[in-house]
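Protein chains get the first letters and strands the later ones, always in sequence-line order, with residue 1 at the start of each.
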Protein chains: 2
Amino acid sequence: MAVVKSRREQYSEATRAALLAAATHRFATLGYAATGLEDVAADIQATRGAVYHHFSSKKALFEAVLDEQEERATSRLGAAYRAAPDPWSGALAALEAFLDQCLDPVYSRVVWREGPIAMGWQGWHHSEEKYAYGLVESIIGELVEHGYLAALPTAAAADVTFHAIGTAGHRMAEADPADRPRLRTEYGAVLRRMLAGLRPDVDPDRPPHSEQQQRSGQSADHGVGEQSTP
Amino acid sequence: MAVVKSRREQYSEATRAALLAAATHRFATLGYAATGLEDVAADIQATRGAVYHHFSSKKALFEAVLDEQEERATSRLGAAYRAAPDPWSGALAALEAFLDQCLDPVYSRVVWREGPIAMGWQGWHHSEEKYAYGLVESIIGELVEHGYLAALPTAAAADVTFHAIGTAGHRMAEADPADRPRLRTEYGAVLRRMLAGLRPDVDPDRPPHSEQQQRSGQSADHGVGEQSTP
DNA sequence: GTCGGTCACATACACAGTGTATGTCAGTAG
DNA sequence: CTACTGACATACACTGTGTATGTGACCGAC
């Protein structure tokens, strides 16, 4: 297969790829709503006719963009996980790779911000099951299965973990690039701790020790300002 | 102040309230994008002129709806926190209250799903700082300050925590109502464990024990299927 | 080579929805 | 009673998606 392609086919594929690239750029910088198909087409000296020839709708164009991003990302995360000697360090490596991936403003914006908007939350999440979310889910499942994590329901644990990591990445991608190394460290620390909380040896119900717990008899109000309740 | 209002003022306020209620219902059931101002107005036997008289734009109408939801929710969470005897149990109580709140499909959909879509992620998050996010942030800050949690950067910890909880609530609100009690239990367990992971006595870097770690000499590939890398 | 068909795109139009400018009439103050 | 203000309704302009139709370049057959 993959015989030589006719000139027309080559042109067509090039057009499609160019549309995809232009759309990726506009979606990632302006967002889904503010991106008009007219502009996308104009970016490559074409008209909306070309867009509708290659993609059935604006939403379909976005999905193609998202798929491309997720394909790349997921293969990286999977590689990082499998390269590690055991599931636990694999999970940590995948976490690092995920944070790295989210630092890419295109990935972050397209997948985490515009995805739910363009495809609807349901559609986005359904699509995610093929990609990063699905990977997180299988990793969590494996960690639980091998006793690295407490016997928690996989779906709930994966869900919260996935979104915690994604949120962190998303916030980093939005921040001033100069702050990112610091944020990366901070978010990484928080996430590793949260993951550690899922380990079987942690007892979530034991009350924490606090050097101030028995201090002077303050009232129950411990600081958070009164909320007006009209 | 608050003297007797003229009949016109009373009518006007009633109209505004009715518009708000109709908009809330449509936004919560159909979503922001699929809600037309024509329909909102028709719900109360009025026209779009009434909407634009009371609200400067569709976005402003949505913000009024969201503000109303968040006002209620935040005062509940704050009350739950302050009613507890100490910050730690206050945080757990607020977590429970948050999950309860998210079970309300109107709150969940308006705040967590449509909010970012309608106001843009930035606008939504900026608005959240006044409400639930701000509350989570101050609670986390207090826990850290009093030694209940490890000395983590408050912003990062609050951010991840807030979104982890919100995601859990959001997923519950979307699930079949019959499944919610079970999900509520599962998500609650995961979230309490994650919060526990932030306690000062948990060492996130100590590798976990696993009964399978030294088993038969498998390759580095520990189960997650190969990802095609085209 | 040329001829009919097809494919890649352009052009033109229908439709929905927001926002805005203007009109109208009830209610209120003097 | 009158003049005015405020609460809406009506009409229109504009933007953007989607769709139906047109057109010219390429491709295979003879």
Side-chain angles (χ1 to χ4, degrees), chain A residues 2-27 29-66 114 117-120 123, chain B residues 2-27 29-66 114 117-120 123:
Chain A
V3 278
V4 278
K5 309 217 167 135
S6 73
R7 197 148 93 245
R8 252 211 321 212
E9 279 177 300
Q10 291 179 14
Y11 285 159
S12 182
E13 279 183 24
T15 301
R16 192 194 134 96
L19 283 172
L20 218 53
T24 300
H25 183 247
R26 290 213 173 246
F27 285 147
T29 51
L30 304 172
Y32 181 76
T35 294
L37 299 184
E38 188 79 51
D39 303 326
V40 172
D43 282 347
I44 66 158
Q45 281 85 252
T47 67
R48 278 177 33 245
V51 177
Y52 278 98
H53 178 73
H54 287 284
F55 305 94
S56 63
S57 67
K58 184 181 179 183
K59 193 174 154 187
L61 171 61
F62 180 86
E63 286 194 38
V65 168
L66 185 133
E114 305 302 325
I117 294 176
M119 309 169 65
Chain B
V3 277
V4 279
K5 309 217 167 134
S6 73
R7 196 149 92 244
R8 245 199 345 196
E9 277 177 301
Q10 290 179 15
Y11 284 160
S12 181
E13 278 183 25
T15 301
R16 193 194 133 96
L19 283 171
L20 216 54
T24 301
H25 182 247
R26 289 213 173 246
F27 286 146
T29 51
L30 304 173
Y32 182 77
T35 294
L37 298 184
E38 188 79 52
D39 304 326
V40 172
D43 283 348
I44 66 158
Q45 282 85 250
T47 67
R48 278 175 35 247
V51 177
Y52 277 99
H53 178 74
H54 286 284
F55 305 94
S56 62
S57 68
K58 184 181 180 183
K59 194 174 154 189
L61 171 60
F62 180 86
E63 286 194 37
V65 168
L66 184 133
E114 304 302 325
I117 295 176
M119 309 169 65

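- In this model, the phosphate group of C:dT11 is not approached by any side-chain N or O of A:T47 to a distance below 4.0 Å at OP1 or OP2.
- When A:T24, A:T35, A:V51, A:L66 are each tested for a side-chain contact (heavy atoms from CB on, under 4.5 Å) with A:L61, only one passes: A:V51.
- Between B:K58 atom NZ and C:dA16 atom C1' there is a gap of 11 Å when expressed in whole angstrom units.
- A distance-only check finds a donor-acceptor pair linking the side chain of A:E114 to the backbone of A:Y32 [under 3.5 Å].
- We find that CD1 of B:I44 is positioned 12 Å from C1' of D:dA7, with the value rounded to whole Å.
- Toward the 5' end of DNA chain D, the nearer of the two residues B:R48 and A:K59, judged by each one's closest nucleotide, is B:R48.
- The side chain of B:A50 lies closest to D:dC8 when the candidates are C:dC9, D:dC8, C:dG19.
- Note: CG (A:L30) to P (D:dG16) measures 12 Å, nearest angstrom.
- Across all strands, A:S56 comes closer than 4.0 Å to no nucleic acid atom at all (heavy-atom distances).
- Residue B:S12 places no side-chain N or O under 4.0 Å from the OP1 or OP2 atom of D:dG6.
- Between B:L37 and B:Y52, some side-chain heavy-atom pair lies under the 4.5 Å cut-off.
- Rounded to an integer number of Å, the gap from B:D39 CG to C:dT18 C1' is 13 Å.
- The side chain of A:H53 has C:dA8 as its nearest neighbour among D:dA9, C:dG19, C:dA8.
- One can place NE2 of B:H54 at 9 Å from P of D:dA9, the figure rounded to the nearest angstrom.
- Looking at the side chain of B:Y52, the nearest of the listed nucleotides C:dG19, D:dT10, C:dC9 is C:dG19.
- Here A:T15 reaches the OP1 or OP2 of C:dC9: one of its side-chain N or O atoms lies under 4.0 Å away.
- B:L19 approaches B:A50 most closely through the heavy-atom pair CD1-O, 3.9 Å.
- Across the protein-nucleic acid pair, A:F55 atom CZ and C:dA8 atom P stand 13 Å apart, rounded to whole Å.
- One interatomic measurement links the two molecules: CD of B:E38 to P of C:dG17, which rounds to 9 Å at whole-angstrom precision.
- With rounding to whole Å, A:L37 atom CG is found 16 Å from D:dT15 atom P.
- The distance from the NZ atom of B:K58 to the CD atom of B:E63 is 13.5 Å, given to the nearest 0.5 Å.
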